Q: 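Here you go, one structure.
Predicted, not measured: the structure shown is a model, and the values here were computed from it. The analysis underlying the following values was restricted to heavy atoms, covering all of them including side chains, and did not include hydrogens, waters or symmetry mates. Numbering of ligands and ligand atoms starts at 1, following listing order.
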Amino acid sequence: MSLQVRSQVSLKPFNSFGVDVQARLFAEAHSDADVREALAYGLQHKVPVLVIGGGSNLLLTADIDALVLRMATRGIRVLSDDGNKVVIEAEAGEPWHPFVQHTLALGLSGLENLSLIPGTVGAAPMQNIGAYGVEIKDVFAGLTALDRQSGELRDFTLQACNFAYRDSLFKQEPGRWLILRVRFVLDRSAHLHLEYGPVRQRLTEQGIEHPTASDVSQAICSIRNEKLPDPAVLGNAGSFFKNPLVSAALAERLKGEYPDLVAYAQPDGQMKLAAGWLIERAGWKGFREADAGVHKLQALVLVNYGSASGLQLLDLAQRIQKDIFERFHVELEMEPNRY
Ligand code: FAD
Ligand code: NAP
């Protein structure tokens with residue numbers, strides 16, 4: 001019996017918003033056996049089990065009447081290497097950014113645009129994490145998850161995961177799949193994605209004409225460090241809203257009214273609006289009420305200046321949603337998982 005179950009544990013250190021709620025029970029899983037033991041404990045004591053990773057995509061609005069199981073499994077292994085393509089597997093509890101750095105140190109490219117995203121490997125497929133024009137679906141080779149309904153292990157192919165913009169099967173079936181390990185197919189030769197936002201510009205400023213994957217990673221880290229608050233300093237969960245997809249007709253109408261509207265055409269004909277632009281245009285950037293606020297540099301990020309509760313952050317988010325709908329007829333969907 002290696003699982004240590006503790007009672008009444010503050011989750012403040014375990015969510016990047018730094019919201020102070022209590023978990024009725026708390027444990028860390030260091031192995032598959034711990035995971036199974038925690039699920040058995042939950043069944044035996046009739047208490048639900050909530051799995052978390054780094055807590056960087058959570059909004060906790062009340063004490064959690066559950067066994068909170070933090071994934072802390074470790075291990076990275078190369079499964080195959082044909083001299084060009086390398087399949088690499090990491091355990092769910094591996095911290096994401098150090099894993100990305102590890103792949104870069106091995107001379108592998110594919111994950112560089114996803115540098116500095118907080119959280120764990122196991123949570124990455126949940127919302128198909130993405131940044132600077134790359135999503136994990138682009139380099140995904142498979143994953144192994146435990147079906148909490150049947151207790152059986154299942155291997156998922158790319159097609160089976162239903163990946164979409166900040167979405168996946170695992171998000172669509174909440175609480176069913178416990179992701180144990182994830183596999184990525186990476187490249188020995190770099191196929192870099194530099195077209196997004198300020199990435200190429202930053203490399204040019206640095207005098208780098210022919211970047212390596214590590215150069216791209218460093219450029220993205222420097223851009224992110226300038227713009228995004230560090231959760232260790234200022235509580236936040238990254239982008240609080242997804243970028244809304246709207247019809248071309250609505251985007252056209254809004255563009256008529258707001259010529260500087262930021263909108264990107266999608267392959268299916270829809271337009272993706274920059275939610276941060278809408279929120280900033282509506283005057284929320286830098287807003288603060290008590291300790292809940294909208295970040296001064298990036299309007300898409302809600303922040304906790306210290307003692308904001310999850311409900312105060314939720315209330316602020318709902319007021320922003322209502323205002324954006326009234327002004328632009330656009331519905332903003334919250335990104336963090338709410339408990
Ligand atoms: P958690 O917040 O702990 O959990 C998220 C959800 O996944 C919860 O529903 C949880 O129950 C579930 N879960 C966690 N682990 C498992 C598992 N092993 N099996 C099954 N379910 C599980 N996201 C992006 O997509 N792109 C970005 O660029 C980005 N930038 C960010 C920047 C900042 C500063 C912050 C704070 C967040 C950012 N995020 C970004 C959001 C977040 O980092 C990612 O969504 C990340 O993958 C969450 O990982 P986590 O381990 O912290 O998950
Ligand atoms: P940004 O560069 O200011 O751009 C604003 C938005 O426009 C982004 O959200 C992005 O959408 C979209 N965009 C920019 N260039 C684009 C292009 N060439 N084609 C299509 N869409 C484009 O964004 P940012 O806030 O600094 O974030 C940079 C990247 O990191 C983005 O990809 C963002 O998603 C990611 N990020 C995510 C989180 C999170 O918590 N989810 C937090 C921080 C940063 P997309 O978001 O769809 O890419």
Q: Heavy atom of Y339 under 4.0 Å from ligand 1?
A: yes

Q: Identify the protein heavy atom lying closest to atom 43 (O) of ligand 1, giving its residue, its atom name and the separation to 0.1 Å.
A: S56 OG, 2.8 Å

Q: Would the F240 and W284 ring centres measure less than 6.0 Å apart?
A: no

Q: With heavy atoms under 4.0 Å as the rule, classify the contact between N337 and ligand 1 as side chain, backbone, both or neither.
A: side chain

Q: Of the backbone atoms (N, CA, C, O) and the side-chain heavy atoms from C-beta on, which set of V301 has a member under 4.0 Å from an atom of ligand 2: side chain, backbone, both, or neither?
A: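 For V301, there is no contact with ligand 2 at all, from either part.
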
Q: Counting C-beta onward and ignoring hydrogens, is there a side-chain heavy-atom pair between L261 and L278 closer than 4.5 Å?
A: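 Contact flag for L261/L278 side chains = yes.
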
Q: Determine whether the side chain, the backbone, both or neither of S239 has a heavy atom under 4.0 Å from any heavy atom of ligand 1.
A: neither

Q: So does R181 pair up with D155, basic N to acidic O under 4.0 Å?
A: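 D155 and R181: not salt-bridged.
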
Q: Answer whether the closest heavy-atom distance between the side chains of W96 and T120 falls below 4.5 Å.
A: no

Q: Which of the numbered atoms in ligand 2 are under 4.0 angstrom from any heavy atom belonging to A131?
A: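 Under 4.0 Å from A131, ligand 2 has these atoms: 30 (O), 32 (O), 35 (C).
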
Q: Report the part of N236 (side chain from C-beta onward, or backbone N, CA, C, O) that has a heavy atom under 4.0 Å from ligand 1; answer both or neither where that applies.
A: both

Q: Which of the atoms in ligand 2, numbered in the order shown and given with their element, are less than 4.0 Å from a heavy-atom of L228?
A: 43 (C)

Q: Which part of K171 is near ligand 1, with near meaning a heavy atom under 4.0 Å away: side chain, backbone, both or neither?
A: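 Neither; no heavy atom under 4.0 Å.
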
Q: Assign the ring pair F156 / F170 to parallel, tilted or perpendicular, where the plane angle (0 to 90°) is split at 30° and 60°.
A: perpendicular

Q: Does ligand 2 have any atom that is closer than 4.0 Å to a heavy atom of W277?
A: no

Q: At a 4.0 Å threshold, what atoms of ligand 2 neighbour a non-hydrogen atom of G238?
A: 40 (O)

Q: If you have a sec, work out which protein heavy atom is nearest atom 11 (O) of ligand 1 and how many Å separate them, to one decimal?
A: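 The closest one turns out to be V51 O, 2.6 Å.
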
Q: Honestly curious: do L186 and L104 fall in one hydrophobic cluster under the side-chain, below-4.5 Å linking rule?
A: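 Same hydrophobic cluster.
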
Q: Between F170 and ligand 1, find which residue part has any heavy-atom pair under 4.0 Å and reply side chain, backbone, both or neither.
A: neither

Q: Of R6, M71, R70, which meets side-chain contact (heavy atoms from CB on, under 4.5 Å) against E28?
A: R70

Q: If you count heavy atoms of other groups shown closer than 6.0 angstrom to CD of E252, is the number above 12?
A: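 Atom CD in E252 is not crowded, with 12 or fewer foreign heavy atoms closer than 6.0 Å.
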
Q: Note the single closest protein heavy atom to atom 38 (C) of ligand 2, along with its residue, its atom name and the distance in Å.
A: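 Result for atom 38 (C) of ligand 2: S239 OG, 3.0 Å.
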
Q: Using a 4.0 Å heavy-atom cut-off, which part of I179 comes near ligand 1: side chain, backbone, both, or neither?
A: both

Q: Would you name the heavy atoms of L58 and A237 that are closest together and state the gap between them?
A: O-CB, 4.3 Å

Q: Hey, which atoms in ligand 2 end up nearer than 4.0 Å to a heavy atom of E335?
A: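 Counting atoms of ligand 2 from 1, those under 4.0 Å from E335 are 39 (C), 40 (O), 41 (N).
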
